Amino acid sequence: MGIDAAMNLRHVRSNLRGKQVNFKPLASDALPLPVALTNKIFFVLFFAASYYLLRRWREKIRNYTPLHVLNMGEILAIVAEIGSFIYLTGFFGIDYVQNIISKSSDGPWDLDDENEKSAAVHSQKGIMNPRPQPTGSSLKDSSDEAIAYSVRNAEVSSHSLESQLGDCMRATSVRRRAVELATGRSMEGLPLLGMDYSTVRGQCCEMVIGHVQIPVGVAGPLLLDASEYTIPMATTEGCLVASTNRGCKAIYQSGGATSILTKDGITRAPVVRFSTAKRAAELKFYIEDPENFYTFSVVFNRTSRFARLQSMRCVLAGRNLYIRFCCSTGDAMGMNMISKGVQNVLKYLQDIYPDMEVVSVSGNFCADKKPTAVNWIEGRGKSVVCEAVIKGDVVSGVLKTSVPALVQLNTIKNLAGSALAGAIGGFNAHAANIVSAIFIATGQDPAQNVESSQCLTMMEAVNGGTDLHISVTMPSIEVGTVGGGTQLASQAACLNLLGVRGPHPRSPGANAQTLSRIVAGTVLAGELSLMSALAAGQLVKSHMKYNRSSKDIRDLN
C-alpha cells in the first residue's frame, strides 16, 4: 500500500467513522502517521537497534565488561528493540493471521470484508452510504436501506424478501440496493419502474432486481391464410425488422402465403432402468402394445382437462429405457402439463414393475432446447409448412433480384452449404433470427428457439420459370398463448396485437396453433428478403447503413 493510498483510505475511514458504518477496527486507525510510513520507521528502528546492541555486546565481551551493565544509549536501544518488535509482531503477525483466518472461513454470502473495502473505494460515487439502524420491531417496519444492509450481510435471505415484505416492488428495490452494496457497483441504467413484479413472482423469474428493455418493432402486414397480421419483433439487431417487413411486402403483393399444420404435440421422455436389458425390453413391449394405450391415456389425461396423450415410443440403451411421451396441451406450450402426466404414468408402471428405477423425468430423448435429429424427423410442438408463390415482377421490383439467382443461391447455400456443415435442421438462412424476435416479444421461452428454429427453406422456379415458389418446413415450433411469460403486460400486448392472447374461447389450442403459423409465415418473409439481399449483393450495404452505432464507445466508459 502506497503512502497516498493509505492516507486516502484513512481519510475515508475517518469521515465515515462517526456515521455508524460497521467498519472493523484496524490497528492502523490509531497511528498518527500513514501506516506505510510507520512501517518503514519501525523496520529501520528494529534493525538499527539490533545492530547497535550487537556491536556493544561484542565490545563488552572483548573487554570483559559485564553485559548487565548498561549505559543510557544501550537502555534506549533495548527499549526501541522491544517496542519495534512488539509493533511488527502485532501488526504483521497476529492481526494479519487473524484476517486470513476470518476471510477463509467466509461463506459465499459473507461479504462484510469485501464490502468494507468497496465502501472506501465507492463512497465518493454515492454507491455506499452509512448503514442505518433498524427502526422497527419487524422487517417491514425497517427502512429499505437497513434491510438492504441486512441482505448484504446475509442477515436476511434475499430470496425471501417478497414473502417477508409482502410487496414485490419493494422487495425488488431492496434486493437491487443490496446488490449495489455487495458489489460496489451502481445498477443505474437497469430499469426498476414500469413492471408489475407480482406477475413475475413464482412464474417467470427469481431474485429480481429490475427488467431489461428490448426494442419492439413491427413488420407487416403479413398476408397469411387470407388474414393480415402485424408482427411484433423484439430485437437489438438492426435490419432484421426492416428486412422482414420487405419480405412481408413481397408476399402481400403476390397474393399472400398459405400454412399447413401437420402435427401438434409436445414431448417428454423420462428414462428408467432395470437390472437387465431383458427386463427393460419387457416394459418396452408392454408399453407399445396397442391394447394397453387406453389405460395409459386415462392415467395420463386425469392430470389436466387439456392434456391428451397421443403416443408413447420407447428406445432401449442397454438396460436403460427411454419413453417418449407425446401429448396435446391446448393453448399452453405444455412442458409442465406433460411432466405431470408423465409422473402419473410412471407411478402406475412402478406398481406393475416394482423393480423399475426412475432415473430422471427427462432423459434428453424429448428433446428440449437442443438441436436433435429426433425433433427434426418426428417433430415437437407444432409442425408447420408455409408456402407462397412470389410473382416475377415482385422479385425484380421489390426484392431487386431474379428467380434463377434465388433458386441457385438457395441450393448452394441453404442446402449444400448446410449439408457440408453437418446441420441438423439448419437448412435455412436465418430462421432463428425471426423465431427469437417473436418469442421474446410474445413471452415464449427463448431457449426453445433452438429446436423451434429448425427449418428447411426450399425455392423453385414455377409457371414457366417466371415466378418463385418458396416454402419453409418447421417441424418443432414450441409456442403457447397461456402460461409462462405470456401473461406479462408487454408480452400479452404483443399477443393481443396478433389476436391470439390467452386461451381460445371455443376451440382450445387454436390460438397457439395460429401463433405457430404466424411464426412460420414470418420466417418465410425473413428468408425471402435475406436471400434476395444476398443474391443482389445488398447485405453488407444494408447492415452498414442500419446496423452500426454512431455512438463513440468511449462515451460508455
Side-chain angles (χ1 to χ4, degrees), residues 219 222 224-225 227 229 231-234 244 247 257-268 310 326-335 337-338 366-388 423-458 470-486 491 494-495 498-500 504 508-527:
L222 172 66
L224 175 66
D225 299 325
S227 298
Y229 299 97
I231 314 299
M233 301 176 67
T244 306
T258 304
S259 65
I260 307 97
L261 184 80
T262 61
K263 187 177 180 181
D264 183 2
I266 197 68
T267 61
R268 172 63 86 193
Q310 296 175 346
C326 183
C327 79
S328 59
T329 55
D331 283 304
M333 186 273 292
M335 288 304 299
M337 201 179 297
I338 191 174
C366 310
D368 189 40
K369 303 172 183 176
K370 289 166 280 291
T372 58
V374 67
N375 288 342
W376 177 239
I377 296 170
E378 296 189 2
R380 188 171 195 258
K382 278 71 173 171
S383 300
V384 182
V385 179
C386 189
E387 64 178 350
I424 300 177
F427 299 90
N428 58 81
H430 71 147
N433 254 336
I434 287 84
V435 173
S436 296
I438 298 178
F439 270 30
I440 295 172
T442 59
Q444 311 304 312
D445 187 340
Q448 289 184 325
N449 161 68
V450 175
E451 62 267 40
S452 296
S453 297
Q454 290 185 314
C455 172
L456 170 63
T457 299
M458 299 188 69
I470 178 174
S471 67
V472 291
T473 302
M474 304 181 69
S476 307
I477 303 177
E478 298 165 359
V479 293
T481 58
V482 297
T486 63
Q491 288 79 351
C494 290
L495 288 170
L498 295 171
V500 295
H504 194 280
N511 277 351
Q513 291 178 356
T514 299
L515 180 57
S516 70
R517 293 172 183 266
I518 292 172
V519 170
T522 312
V523 168
L524 184 76
E527 291 288 280

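Values below: all heavy atoms of this structure, side chains included; hydrogens, waters and symmetry mates excluded. Being a predicted model, the structure only gives us computed values, none of them experimental.
Side chain of Asn375 to backbone of Ser476: no donor-acceptor contact under 3.5 angstrom is found. Put simply, the side chain of Gln310 gets close to the backbone of Asp264: a donor and an acceptor are under 3.5 Å apart. Formation of a donor-acceptor pair under 3.5 Å by the Asp331 side chain with backbone atoms of Asn511 is found in this model. In this structure, the side chain of Ser452 engages the main chain of Glu478 through a donor-acceptor pair within 3.5 Å. Under a 3.5 Å cut-off, the side chain of Gln454 and the backbone N or O of Ile424 do form a donor-acceptor pair. The backbone N or O of His430 sits less than 3.5 Å from a side-chain atom of Glu527, completing a donor-acceptor pair.
Ion pairing of Arg380 with Asp368 is present here, as a side-chain N (NZ or NE/NH1/NH2) and a carboxylate O approach within less than 4.0 Å.
When side chains are defined from C-beta on, Thr473 does not count as touching Phe427, because their heavy atoms never get closer than 4.5 Å. Taking the side chain as every heavy atom from C-beta outward, Leu261 and Arg517 approach each other to under 4.5 Å.
Between Asp225 and Ser259, the side chains place a donor N or O and an acceptor N or O closer than 3.5 Å (distance only, hydrogens not considered).
Between the CD atom in Gln444 and the CD atom in Gln491 there is a gap of 9.5 Å [rounded to 0.5 Å]. Between Leu515 atom CG and Leu495 atom CG the span is 6.5 Å, to the nearest 0.5 Å.
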